[in-house]
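Have a look at the structure below before the remarks.
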Amino acid sequence: MTAVAAPSVASLVQSVDWLAIAPPTIAAVVALVVLVADLFLGERRKALLGWVSVAGLAAAALALLPLLDGDRSTFCLQTLKGEQAACSYTADHFTLVIQFLVLAGALLTALLSITGIKDAKNTPRALPEGEFWFLLLSSAAGAALLPASRDLATLVVALEVASLPAFALVGIKRDDRRSSEAALKFFLSSVTATAVTLLGVSFVYATTGTLHLTRIATALTHVDGQFHTLAQAGVALTLVGFAFKTAAAPFHFWVPDTYVGAPLPVAAYLSVIGKAVGFSGIILVTVVAFPSYADVWGPALAALAALTMTVGNVAALRQQATRAYSAVRLLAWSSVGQAGYLLVPIAAAAYSKDADKAIGSTVAYALMYAAVNLGAFAVAALVARTKPLNRISDYRGLYRSRPLAALVLGFFLLCLAGLPPGIIGLFAKVTVFSAAVDAGLGWLAVVMAVNVVIALYYYLQWTATLFRSTEGEQAVHRIPAPLTAAIGLTAVIGVALSGAPQMVLRFASTGLF
């Protein structure tokens with residue numbers, strides 16, 4: 001008698017959609033090429049590795065274009081009838097938007113790094129070029145993989161692939177105690193957060209019997225009563241690792257020391273790509289995997305948003321202009337405050353009938369923040385070439401010596417503050433504010449409004465410093481082409497987005513899932 005298998009049994013036999021996975025794959029392959037090439041290139045030719053990395057990131061970003069015609073999935077379980085049961089990798093609109101943010105941000109970081117590595121060459125602060133580019137590309141590959149991940153195992157692996165090279169990048173300045181201390185703090189706190197997340201994932205798996213996000217969402221709608229508390233704990237603990245990546249309070253304490261100890265381009269990378277990784281992970285596990293437990297993660301994220309924006313803005317307000325590295329510290333605390341704003345629409349999605357619209361507000365805000373924050377770090381890198389202590393007071397009279405750089409930095413700071421002519425910043429904040437109001441989170445909207453007012457003070461104070469008079473003539477040095485390109489690109493993007501802010505929201509929120 002022949003046994004007939006049930007049609008629900010899934011098969012692991014599958015074909016790989018190489019076009020769908022091309023963006024992270026190209027970044028990973030170029031990382032390996034750079035690592036091997038570093039073994040054979042002499043010191044004089046190692047500068048080529050930077051340009052190979054830039055070309056690789058550009059190619060990875062261009063690989064997104066063929067994917068715009070529709071959703072593609074791969075690494076899927078299939079039933080015996082050949083139907084897709086669940087997939088581990090999906091290139092939908094949400095994935096493509098976040099991958100664009102990650103790869104474009106990594107590309108701008110690479111342009112900043114070329115100048116930084118060249119300036120540090122033949123000095124005690126010299127950076128190992130081959131290792132640097134390999135680590136940057138590896139981290140970018142992991143960051144590009146994460147938004148496409150549709151099961152918890154792939155999400156955690158992508159999170160760690162993005163994070164582990166970042167630890168090394170923070171501590172890559174050899175014989176620098178501050179850099180080593182920053183890397184150690186970053187590593188230990190991240191490992192702890194990852195361990196908590198894995199505990200949460202194990203609870204979710206024990207409750208549902210699956211790791212695929214869509215299957216988890218279905219299974220959680222009819223959890224047995226005796227497992228209800230276990231499922232709630234799993235949902236809460238799973239969010240911890242991603243909250244750490246977003247620098248949400250109270251998981252933010254590593255940020256200021258890490259940004260100061262890391263090379264400036266790496267700090268810029270963490271402030272943008274690190275946040276993109278964290279927020280895309282939070283969105284996937286909450287909106288896609290845990291929608292039935294919105295009563296658990298909704299209030300938790302709302303409280304995190306209020307606490308994060310308040311802690312970040314109050315700490316930024318206390319920065320002293322004459323303290324060493326105060327400009328970088330202010331940008332670090334500012335990024336914590338901005339993380340609070342980014343969390344607001346995700347929390348609102350728990351209470352909103354149109355979760356896609358709420359999540360679109362976060363993605364639109366992230367796109368704006370990425371462009372202007374990378375631009376601010378690019379100008380900070382320019383100032384650091386002549387004033388390595390990078391104090392806010394070092395920016396006094398920047399308009400007199402470098403008028404274009406001062407105008408661009410002023411524009412970026414006004415965008416972050418949400419003031420004209422930084423229309424894109426104002427539009428992004430209004431969008432986030434309206435998401436909170438529409439979801440009935442009036443108290444969170446009030447907290448956000450108060451924090452926006454607090455942030456106005458330190459952003460405007462720094463902006464005013466740029467145009468204050470200074471004694472004596474300041475030496476003016478030629479700006480390297482890669483640094484000029486990074487500043488110019490971010491300025492053009494910021495101005496273009498300010499001219500058509502609605503385009504960003506439409507691009508970010510159309511058919512996310």
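When reading the values below, keep in mind they use all heavy atoms of this one structure, side chains included, and skip hydrogens, waters and symmetry mates.
Between Trp333 and His252 there is a side-chain heavy-atom pair separated by less than 4.5 Å. Proximity of Pro24 to Leu103: side-chain heavy atoms (C-beta onward) are nowhere separated by under 4.5 Å. Between Tyr89 and Ile21 the shortest side-chain heavy-atom distance falls below 4.5 Å. A 4.5 Å side-chain heavy-atom check between Leu101 and Val272 finds at least one atom pair inside the cut-off. Taking 4.5 Å as the limit, every side-chain heavy atom of Phe203 sits out of range of all side-chain heavy atoms of Gln232. Contact check for Thr25 versus Val29: side-chain heavy atoms found under the 4.5 Å cut-off. In this structure, Phe427 and Tyr365 have side chains that are not in contact, with every pair of non-hydrogen atoms separated by 4.5 Å or more. For the pair Leu111/Leu483, no side-chain contact is recorded, criterion being any heavy-atom separation below 4.5 Å from C-beta on.
Applying the salt bridge (charged side-chain N to carboxylate O under 4.0 Å, His left out) definition to pairs two or more places apart or across chains, none involves residues 361-379. Within the structure, every pair that satisfies the side chain to side chain donor-acceptor pair (under 3.5 Å) test and touches residues 186-213, not counting sequence neighbours, is listed here: Ser88-His212, Glu160-Thr194.
Although no hydrogens or angles enter the test, the distance criterion places no donor-acceptor pair under 3.5 Å between the side chain of Ser352 and the main chain of Ala348. Under a 3.5 Å cut-off, the side chain of Thr308 and the backbone N or O of Ala249 do form a donor-acceptor pair. In terms of modelled atom types and a separation under 3.5 Å, the side chain of Ser73 and the main chain of Thr90 share no donor-acceptor contact. Checking side-chain atoms of Thr154 against main-chain N and O of Arg150 turns up no donor-acceptor pair under 3.5 Å. A donor-acceptor pair is defined here as one N or O able to donate and one able to accept, closer than 3.5 Å; such a pair exists between the side chain of Trp297 and the backbone of Phe290.
Considering only residues two or more places apart in sequence or on other chains, Asp438 meets the salt bridge (charged side-chain N to carboxylate O under 4.0 Å, His left out) condition with none of them. Residues passing the ring pair (Phe, Tyr, Trp, His ring centres under 6.0 Å) test with Phe186 are Phe167, Trp254, sequence neighbours excluded. Scored by the salt bridge (charged side-chain N to carboxylate O under 4.0 Å, His left out) test, Glu131 finds Arg174 as partners (sequence neighbours excluded).
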For this session: Run the numbers on Asp356 and Phe94 for side chain to side chain contact (heavy atoms under 4.5 Å, CB included), then give the verdict.
Result: CA-CA 10 Å; Asp356 265 19; Phe94 171 79; over 6 Å; no

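When only modelled atom types and interatomic distance are considered, Ser361 and Thr431 share no side-chain donor-acceptor pair under 3.5 Å. No donor-acceptor contact under 3.5 angstrom links the side chains of Ser113 and Tyr269, judged on distance only. No side-chain N or O of Arg72 forms a donor-acceptor pair with one of Thr95 less than 3.5 Å apart. Using modelled atom types, one finds a donor on one side chain and an acceptor on the other under 3.5 Å when comparing Ser163 with Lys245.
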Give the table of side-chain donor-acceptor pairs shorter than 3.5 Å for residues 298-307, with sequence neighbours excluded, one pair per line with atom names and distance.
none

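Just one of Leu239, Val191, Leu237 meets the side-chain contact (heavy atoms from CB on, under 4.5 Å) condition when paired with Val196; it is Leu237.
Between the CG atom in Asp17 and the SG atom in Cys76 there is a gap of 9.0 Å [rounded to 0.5 Å].
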